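Below, chains carry the letters A, B, ... as their sequence lines are ordered, and counting in each starts from 1. Predicted model only: the values in this text are computed from it and were never measured.
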There are 2 protein chains.
Amino acid sequence: MPKLTAQRQAILDLINASNRHWDADEVVRALVDAGASIGIATVYRGLAALESQGLIDSIQLADKKRYERADKAHHDHMVCTGCGHIEEFSHDTIEALQEAAAEKKGFKLTGHQLVMFGFCRKCRQELHT
Amino acid sequence: MPKLTAQRQAILDLINASNRHWDADEVVRALVDAGASIGIATVYRGLAALESQGLIDSIQLADKKRYERADKAHHDHMVCTGCGHIEEFSHDTIEALQEAAAEKKGFKLTGHQLVMFGFCRKCRQELHT
DNA sequence: TAGCATAATGATAACTGTTATCATTATCGT
DNA sequence: ACGATAATGATAACAGTTATCATTATGCTA
């Protein structure tokens, strides 16, 4: 049972304040810039604690982990290879099909992660220039 | 146009010989154990080269990248949190739904990765012991 | 409310997977 | 065979993350 300390509350507030997907480094920087005193190790531990309590969500990208607001209805992500923009989307049918596929293999699902890569509308236009 | 050197051929043969999902370290170890002389850097470059030519596929897991035989029909993965076992599965409908979702957001898809986490049949039984 | 066990903090060392460097060697087209 | 180009391998460097450890905060409990 992790404690919701002042530092963790600050992290949580920061993440809850927007739709952004934050990495640990961005979180420290934002908090320090806002006048808080917090170290990178504390941020890593805080993020892990908050996630374990279901207060925030995360996606594991190739290079780093990014955290976002908790969403009771699980959603997936589209990542733009051009600019890094992350778009969210949810699709009940996909979820259901996953469950069915797992069932067929004898798996008891605990979670999943679907990331789609491509170019967002803006970057597509720039490619054609 | 990368060259298919002796080292890269050895990597390719190793990966093609099974359904396993290899990380770079396992590849060097296997090749060295088999009497080959190859360095870790060469393996990393070889794996990247082979993948860029479509001769092998890869999945990016949280900690490391794993390589497997190329599969023209894209498949996704179920990873057992208990023992690390990786099961493959493919589902045309899921693929189609992803395309549709991307279209709706203005994304031009270039790829995707769906990883499901859970417990395989064997590990489920052990949990109940 | 004081005392105390437990957990969190923060600076930094350590670790892991991966990429860069660079001198040497192999490859391939002419 | 020559020469340009690319690959190799040992190792340094790098990025993200976790471990260590002395110090500080938290929140029971008496």
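- Here the C1' atom of nucleotide C/dA8 and the CZ atom of A/Arg8 are 6 Å apart, to the nearest Å.
- Looking at B/Asp23, its side chain does come within 3.5 Å of a backbone N or O of B/Glu26 through a donor-acceptor pair.
- Between the NZ atom of A/Lys65 and the C1' atom of D/dA15 there is a distance of 16 Å, rounded to whole Å.
- Take the nearest nucleotide of DNA chain C for B/Asp63 and for B/Thr5: the residue whose nucleotide is more 5' is B/Asp63.
- For A/Ile11 and C/dT9, the CD1 to C1' distance is 11 Å, given to the nearest whole Å.
- One can place CZ of B/Arg29 at 13 Å from C1' of C/dG17, the figure rounded to the nearest angstrom.
- Mapping B/Asp23 and B/Lys3 onto DNA chain C by nearest heavy atom places B/Asp23 closer to the 5' end of the strand.
- To the nearest angstrom, P of D/dT24 lies 14 Å from CD of A/Gln7.
- The distance from atom CD of B/Gln53 to atom C1' of D/dA6 is 13 Å, rounded to the nearest whole Å.
- Remark: P of D/dT8 and CD1 of B/Ile38 are 7 Å apart, rounded to the nearest angstrom.
- Counting to the nearest Å, the P atom of C/dT19 and the CZ atom of B/Arg45 are 11 Å from each other.
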*asked:* Run the side chain to side chain contact (heavy atoms under 4.5 Å, CB included) test on A/Lys64 and A/Arg66 for me, step by step, so that the C-alpha distance in whole Å, both residues' side-chain angles and the decisive distance to 0.1 Å come before the verdict.
replied: CA-CA 7 Å; A/Lys64 60 179 70 163; A/Arg66 290 189 169 273; 4.1 Å; yes
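- Checking D/dT17, C/dA8, C/dT12 against every side-chain atom of A/Pro2, the shortest atom distance belongs to C/dA8.
- Looking at B/Glu88 and B/His21, their side chains do bring a donor and an acceptor atom within 3.5 Å of each other.
- Considering only side-chain N and O atoms, B/Tyr44 lies nowhere under 4.0 angstrom from the phosphate OP1 or OP2 of C/dT19.
- Nearest heavy-atom pair across B/Cys80 and B/Phe119 is SG-CA, 3.9 Å.
- One finds a side-chain N or O of A/Thr42 lying less than 4.0 angstrom from the OP1 or OP2 phosphate oxygen of C/dG10.
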